[in-house]
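Below are the structure tokens for one structure; questions will follow.
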There are 2 protein chains.
Amino acid sequence: MEPRKLTRNQALVLETLTHAEAPLSAYTILDKLRDHGFRAPLQVYRALEKLTEFGIVHRLESLNAFVACTHPHDHGPEKGVIAFAICEDCGQVSEISDPEIEDRLAHLALKRHFTTEKTTIEMRGHCGNCTAA
Amino acid sequence: MEPRKLTRNQALVLETLTHAEAPLSAYTILDKLRDHGFRAPLQVYRALEKLTEFGIVHRLESLNAFVACTHPHDHGPEKGVIAFAICEDCGQVSEISDPEIEDRLAHLALKRHFTTEKTTIEMRGHCGNCTAA
DNA sequence: ATGCCACACGTTATAGCATAACGCAATTGA
DNA sequence: TCAATTGCGTTATGCTATAACGTGTGGCAT
């Protein structure tokens, strides 16, 4: 699933997200890439879809926006659940990978005979820096 | 925060959600209420905003849709985190309130000096009934 | 090389979700 | 009664996402 090489569009979208300091919406990405020939939302959405599959971009459901993965290691499609802590002041997003939560959710699901395909955990609030300031 | 009485619009929207067997989008609610005089999305969104504040309706971020709260007790604005298990086959949503997850998330946030305002936990998958069938 | 296949791409159009801004009406409480 | 607050209705608009169509390109087996 992890590709040898990204296509031009995928690379451009990823680069845009990587350089951003906060999550970006698809349309914001589109605007940033107009100079590189992007004209339509689908160009962005298609790239985002692949990058998300590859596990190097995450979608934040509560924002309808996307971030580049900051986990140093292990790309490739989602081995585990990732929780996001999203600062509403500065936009900073930190990724949290926690086996305890994962196990607990798995337990709760099992108890209900629920088969989980995909899990979203997002905390909205204020990071340490912004709280201090 | 919990109101003595709902307005007409709020009551209609809540009733629609209560009778639904799956989460409804705002526009779906609008369509169902045209016969009752609803004409514009804002009528629905305004009601939903209040009902959500009251804690008797929940928004599902990963669906852009809304459900009536099924917790028997304790309405009123969110004392705790609620996790949702959403069946992609039948649309059934079950609400899970689990102190362990809550504590663990609180711990993880604290460790990062992150102040949490609102937490979203949504599991997408298949309920027992649908898996059996 | 030829033909085929899979995949990315570009474009247009459309669908679906959400809110801004205005003014009026009803309710409440001093 | 008056003022303040809240809800309401309407119009307009903006943001988010996908459908459907056709083109181009690169790999690869024949």
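By convention in this document, chain letters (A, B, ...) are assigned in the order of the sequence lines, proteins followed by strands, and residues within each chain are numbered from 1.
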Short side-chain donor-acceptor distance under 3.5 Å, A:Thr116 and A:Thr119: no
CD of B:Glu53 versus P of D:dT6: gap in Å, rounded? 10 Å
Is the distance from OP1 or OP2 of D:dT18 to the nearest side-chain N or O of A:Tyr45 less than 4.0 Å? no
Whole-Å distance separating the CG atom of A:Leu48 from the P atom of D:dT16: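 Going from CG in A:Leu48 over to P in D:dT16 covers 12 Å.
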A:Arg46 has a side chain; which of D:dG7, D:dA20, D:dT11 sits nearest to it? D:dA20
Looking only at side-chain N and O atoms, does B:Thr7 come under 4.0 Å of OP1 or OP2 in D:dT6? no
Please check if the number of heavy atoms outside A:Asp89 that lie under 6.0 Å from its CG is greater than 12.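 Check passes, neighbour count above 12.
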B:Leu42 CG to D:dG7 C1': how many Å, rounded?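 The distance from CG of B:Leu42 to C1' of D:dG7 comes to 12 Å, rounded to the nearest Å.
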Length of the line joining A:Lys5:NZ and D:dG27:P, which is rounded to integer Å: 12 Å
Considering only heavy side-chain atoms of B:Arg39, the closest of C:dA18, D:dA20, D:dT10 is D:dT10
Considering only heavy atoms and no angle criterion, is a donor-acceptor pair shorter than 3.5 Å present between the side chain of B:Tyr27 and the base of C:dA15?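 Counting by modelled atom types and ignoring angles, no donor-acceptor contact under 3.5 Å is found here.
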Output the rounded distance in Å from CZ (B:Arg8) to P (D:dC8). 10 Å
Please determine, for the side chain of A:Phe66, which listed nucleotide (C:dA21, D:dC8, D:dA17) has the closest atom?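 Nucleotide nearest to A:Phe66's side chain: D:dA17.
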Residue set satisfying ring pair (Phe, Tyr, Trp, His ring centres under 6.0 Å) with A:Tyr45, at least two apart, ordered chain then number -> none
Could you tell me whether B:Ala26 contacts a base, only the sugar-phosphate backbone, or nothing, with contacts defined as non-hydrogen atoms closer than 4.0 Å?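 Nothing, no heavy atom under 4.0 Å.
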Please confirm whether the shortest side-chain N or O distance from B:Gln43 to OP1 or OP2 of D:dC8 is below 4.0 Å. no
What's the CG-C1' distance between A:Leu30 and D:dG14, to the nearest Å?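 That distance rounds to 15 Å.
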Is any side-chain nitrogen or oxygen of B:Arg59 closer than 4.0 Å to OP1 or OP2 of C:dA18?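 For C:dA18, OP1 or OP2 has a side-chain N or O of B:Arg59 closer than 4.0 Å.
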Could you state the atom-to-atom distance from CG of B:Leu63 to P of D:dT16 in whole Å? 18 Å
It should be established whether B:Ser25 places a side-chain nitrogen or oxygen under 4.0 Å from OP1 or OP2 of nucleotide C:dC17.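 Result: yes.
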Would you mind checking if B:Glu88 and B:Arg124 are paired as a salt bridge, meaning a charged N to carboxylate O distance below 4.0 Å? yes
Measure the distance from CG on B:Asp31 to C1' on C:dG16 and round it to the nearest whole Å.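 Result: 11 Å.
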Can you check whether A:Asn64 has a side-chain N or O nearer than 4.0 Å to OP1 or OP2 of C:dA18?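 It does not, given that no N or O in the side chain of A:Asn64 lies less than 4.0 Å from OP1 or OP2 of C:dA18.
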Does B:His58 have its ring centroid less than 6.0 Å away from the ring centroid of B:Phe66?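 No.
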Does B:Pro41 or B:Phe38 map to a spot on DNA chain D nearer the 5' end, using the closest nucleotide for each? B:Phe38
